[in-house]
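Worth saying up front: this structure is predicted, and the values here are computed from it rather than measured. Order of the sequence lines sets the chain letters (A, B, ...), proteins ahead of strands, with each chain counted from 1.
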Amino acid sequence: MSKVRVRFAPSPTGGLHLGGVRTVLYNYLFAKKQGGDFVVRIEDTDQTRFVEGAEQYIFNCLTWCGMEPDESPVTGGPYAPYRQSERKELYRQYAEQLIRDGFAYYAFDTPEELEKMRNDFKTAENPSPQYDGKVRMQMKNSLTLPADDVKKLLDQNTRHVVRIKMTANETISFTDIIHHEVSFDSSLVDDKVLLKADGMPTYHLAVVVDDYLMKITHAFRGEEWLSSAPVHVLLWKYLFGLEHMPQWAHLPLIMGPSGKLSKRDGATYGFPVFAMNWIDPKSNELTEGFKEKGFLPEAFINLLAVLGWNDGSEQEMYSMDELIAHFSLDRVHAAGAKFDYEKAKWFNHEWIKKLPVTNYQQRVKEIFESKNVTVTDDKYFAKVLVLVKERCTLLTDFYDQAIFFFVQPANYDEASVKPKWDNEKQDFFTALITGYNAISDWNLISIETEFKNLATEKNIKLGELQMILRVMLVGSKMGPGVFVIEETIGKTETVNRIEKALTIFSLF
RNA sequence: GCCGCGUUGGUCAAGGGGUUAAGACGCCUCCCUUUCACGGAGGAAUCACGGGUUCGAAUCCCGUACGUGGUACCA
């Protein structure tokens, strides 16, 4: 059996969304598991939809996710070029071969004529008429025009396309890895355009030709392609032989709260849809990405992998290596899955807890710096991150959870302190300052001992005091143990904060 | 409209003729902690519907409904 080769073939028209990343992921996992090649091919055959920067963006996303292609327009490879626009000249010969063999034909209909046809044939039962076996003999093409006219039109460089001539009353079926036997009635499939008037191939011709030329063995794509699969199967049969056709796997769709997931859902429901931030160069509109939202790539990959796949065990957390080891296409669901942002966040939380902070320290540091907090001591920073990581769901949560380790509270949860505040407390904290100042070896035990001894001496309940102390240090009732906070921020800072809070609380 | 694909709790899902129909997220209650989390113990909640086949159907078959995708010189 020949070496496994899979391809991810995005069209560089904008952001890379969840479903796209999962398609790459399944490609990648399958290839790595089989020791095969993972190639990225850019399908930029629609020049009108070209978007500046979109291709680079896709590669940035792949890098962030940790899925580097073996062959691509940037890394090159034995089947270059990997950009379909650069392969333009290649496709015409195949289109012409199909015409010679009677499987395709030239069509000269103008867009206006096509529109007229769709209008004329439109009925209640058939709201969107196709250019198919039922109408093609009434259109302007090399099937209806005399050969001489066709030649003349061609010689005059009249704008034309090449269309496939769909067979009639044939059952086209193939075996899909996920859906198993799938079949279609060819009479119901239209004469898809293969080569456009600008000389570019459509997706239909290009996938088949390139999958063949690039020796792709397994072709995975979203289920939205299933309906056009019969065209591809026929093209394979006519051009290269069904025995060379890759095995298809039409992956289930990832659904949003209402239907197919769209980038609009992100804005509407408040969760990211794209892998990374995407700014449309024309409109300047920003669509938020998982990365910038505060997701770890490990979590992003993990949550995508188990959205539509599981290995039959109860395991839910998988590293990329574990996924490669466990992944199999026959356990991929046939049904679409609704994306659940709550569960996505849970995965991220789990990965934040699981991974050593060194793994994401730099990213968190950037988040702090973007909020004008300068981190000077990386060791101190790492220590703080360890203390608060279990209460962070997103990387961006670290700021709120740890900011008090760097700056004094700007305001206090007075509502919690006020009812508990009295002269005895005032007295206690004044004495505490003295006691703390006298400590020479500032550590968890010495701090806690001093605090507790003083509380016993003054005969005040420990709990209330701890709560007040916490508010003095943090500003609110949150964070790790109070004594741990004191130890971490140090004696001077601790005393400073108590003194400062005292000036405010004493007015209660 | 037509065609394709699909249908186990709110969501992700295991299970593929005989099970008390796993587990996870979320939600609720309680414990821990006089903080927020983490952790722990419980709880509510499911086989779309109708017909078959069978001693027995969540599991097999057929319908229906619903969902979803396609129906472009877009991918």
(request) When you get a sec, tell me which of B:A75, B:G26, B:A13 is the closest nucleotide to the side chain of A:N310? (result) B:A13

(message) Partner lookup for B:U19, please. Criteria are Watson-Crick or G-U wobble with both distances under 3.5 angstrom; report none if nothing qualifies.
(response) none

(message) Students often get this wrong, so: under 4.0 angstrom with heavy atoms, is A:E223 touching a base, only sugar-phosphate, or nothing?
(response) base

(message) Suppose we define a pair by two distances each less than 3.5 Å, Watson-Crick or G-U wobble; what does B:U34 pair with here?
(response) none

(message) Could you check whether A:D190 pairs with A:K192 (Lys NZ or Arg NE/NH1/NH2 to Asp/Glu carboxylate O, under 4.0 Å)?
(response) yes

(request) Measure the distance from CG on A:L303 to C1' on B:A13 and round it to the nearest whole Å. (result) 15 Å

(message) Is there a side-chain contact between A:R163 and the phosphate of B:C73, meaning an N or O under 4.0 Å from OP1 or OP2?
(response) yes

(request) Quickly work out the A:H250 NE2 to B:G70 P distance and round it to whole Å. (result) 13 Å

(message) Does the structure show a Watson-Crick or G-U wobble partner for B:A14, both distances under 3.5 Å? Name it, or say none.
(response) none

(message) Ring centres under 6.0 Å, that's the criterion: do A:F406 and A:Y399 meet it?
(response) no

(message) If I take atom NZ in residue A:K260 and atom P in nucleotide B:A75, what distance separates them, rounded to the nearest angstrom?
(response) 14 Å

(request) Looking only at side-chain atoms of A:E390, point me to the closest of B:C38, B:C5, B:C74. (result) B:C38

(message) It should be established whether A:T48 places a side-chain nitrogen or oxygen under 4.0 Å from OP1 or OP2 of nucleotide B:C74.
(response) no

(message) For the backbone of A:Y105 and the side chain of A:R163, can you confirm whether one donor and one acceptor N or O come within less than 3.5 Å of each other?
(response) no

(request) Could you check A:H349 against A:A335 and say which one's nearest nucleotide on RNA chain B is further toward the 5' end? (result) A:A335

(message) Using whole Å, what does the distance between atom P of nucleotide B:C73 and atom CG of A:D132 come to?
(response) 13 Å

(request) Identify whether the distance between the nearest side-chain nitrogen and carboxylate oxygen of A:E86 and A:K88 falls below 4.0 Å. (result) no

(message) Both distances below 3.5 Å, Watson-Crick or wobble geometry, any strand: find the nucleotide opposite B:A57.
(response) none

(request) Examine B:A75: is either OP1 or OP2 under 4.0 Å from a nitrogen or oxygen in the side chain of A:R41? Give yes or no. (result) no

(message) Under 3.5 Å for both donor-acceptor distances, Watson-Crick or wobble: does B:C5 have a partner, and if so which one?
(response) B:G67

(request) Using only side-chain N and O atoms of A:N126, determine if any of them is under 4.0 Å from OP1 or OP2 of B:G1. (result) no

(request) Ignoring backbone atoms, test whether A:R49 places a side-chain nitrogen or oxygen under 4.0 Å from the OP1 or OP2 oxygen of B:C73. (result) no

(request) For A:G308, report the nucleic acid contact type (base, sugar-phosphate, nothing); a contact means any heavy atom under 4.0 Å. (result) sugar-phosphate

(request) For nucleotides B:A58 and B:G15, find the distance between their C1' atoms and express it as a whole number of Å. (result) 9 Å

(request) Among the candidates B:A14, B:C12, B:C25, find the nucleotide nearest to the side-chain atoms of A:E342. (result) B:C25

(message) Can you see if the side chain of A:K343 gets near the phosphate of B:A13 - specifically, an N or O under 4.0 Å from OP1 or OP2?
(response) no

(request) Rounded to the nearest angstrom, tell me the gap between atom NE2 in A:H179 and atom P in B:G70. (result) 14 Å

(request) Ignoring the backbone of A:L188, work out which of B:C3, B:A72, B:G26 is nearest its side chain. (result) B:C3

(message) So if I take every side-chain heavy atom of A:P127 and compare against B:A37, B:A13, B:G1, which nucleotide ends up nearest?
(response) B:G1

(request) Classify the nucleic acid contact of A:A334 as base, sugar-phosphate or nothing, counting any heavy atom under 4.0 Å across all strands shown. (result) sugar-phosphate

(request) Could you tell me whether A:W351 and A:F295 have their ring centroids closer than 6.0 angstrom? (result) no

(request) Take A:Y203 and A:P129, find for each the nucleotide of RNA chain B with the closest heavy atom, and name the residue whose nucleotide sits nearer the 5' end. (result) A:P129

(message) Between B:U11 and B:C74, how many Å separate the two C1' atoms, rounded to a whole number?
(response) 32 Å

(request) Quote, to the nearest angstrom, the P distance that separates B:G70 from B:C62. (result) 27 Å

(request) For nucleotides B:A57 and B:A21, find the distance between their C1' atoms and express it as a whole number of Å. (result) 13 Å

(request) Could you check which of B:A75, B:U71, B:A24 has an atom nearest any side-chain atom of A:W225? (result) B:A75

(request) Could you work out the separation of B:U64 and B:C73 based on their P atoms and round it to a whole Å? (result) 32 Å

(request) For B:G51 and B:G43, measure between their C1' atoms and round to the nearest Å. (result) 37 Å

(message) Assess whether a salt bridge exists between A:E223 and A:K260, defined as any Lys/Arg side-chain N lying under 4.0 Å from an Asp/Glu carboxylate O.
(response) no

(request) Would you kindly give the CD-to-P distance between A:Q315 and B:A24, to the nearest whole Å? (result) 14 Å

(request) Figure out the CZ/P separation between A:F451 and B:U34, and round it to whole Å. (result) 11 Å

(message) For a quick test of reading the model: is some side-chain N or O of A:H204 closer than 4.0 Å to OP1 or OP2 of B:C73?
(response) no

(message) I'd like the C1' distance from B:G39 over to B:C32, given in whole Å.
(response) 8 Å

(message) When the P atoms of B:C47 and B:C12 are compared, how many Å lie between them, rounded to an integer?
(response) 16 Å

(message) Under 4.0 Å, heavy atoms only, any strand: does A:E43 hit a base, just the sugar-phosphate, or nothing?
(response) sugar-phosphate

(message) Only pairs with both distances under 3.5 Å count, Watson-Crick or wobble alike; so what is the partner of B:U29 in this structure?
(response) B:A41

(message) I want to check one thing: is the phosphate of B:G9, taken as OP1 and OP2, less than 4.0 Å away from some side-chain N or O of A:K338?
(response) no

(message) Under 6.0 Å between ring centres: does that hold for A:W309 and A:Y318?
(response) yes

(message) Side chain of A:V182 only, heavy atoms from C-beta on: which candidate in B:A75, B:A37, B:C5 is closest?
(response) B:C5

(request) Counting Watson-Crick and G-U wobble pairs only, both distances under 3.5 Å, name the nucleotide matched with B:U46, or none. (result) none

(request) Spell out, as yes or no, whether a donor-acceptor pair under 3.5 Å connects the side chain of A:Q466 to the backbone of A:G481. (result) no

(message) Please tell me whether A:F505 and A:Y412 form a close aromatic pair, meaning their ring centres lie under 6.0 Å apart.
(response) yes

(message) Just the rounded figure in Å: distance from C1' of B:G6 to CD of A:E224.
(response) 15 Å

(request) When you get a sec, tell me which of B:C73, B:C5, B:C3 is the closest nucleotide to the side chain of A:K196? (result) B:C73

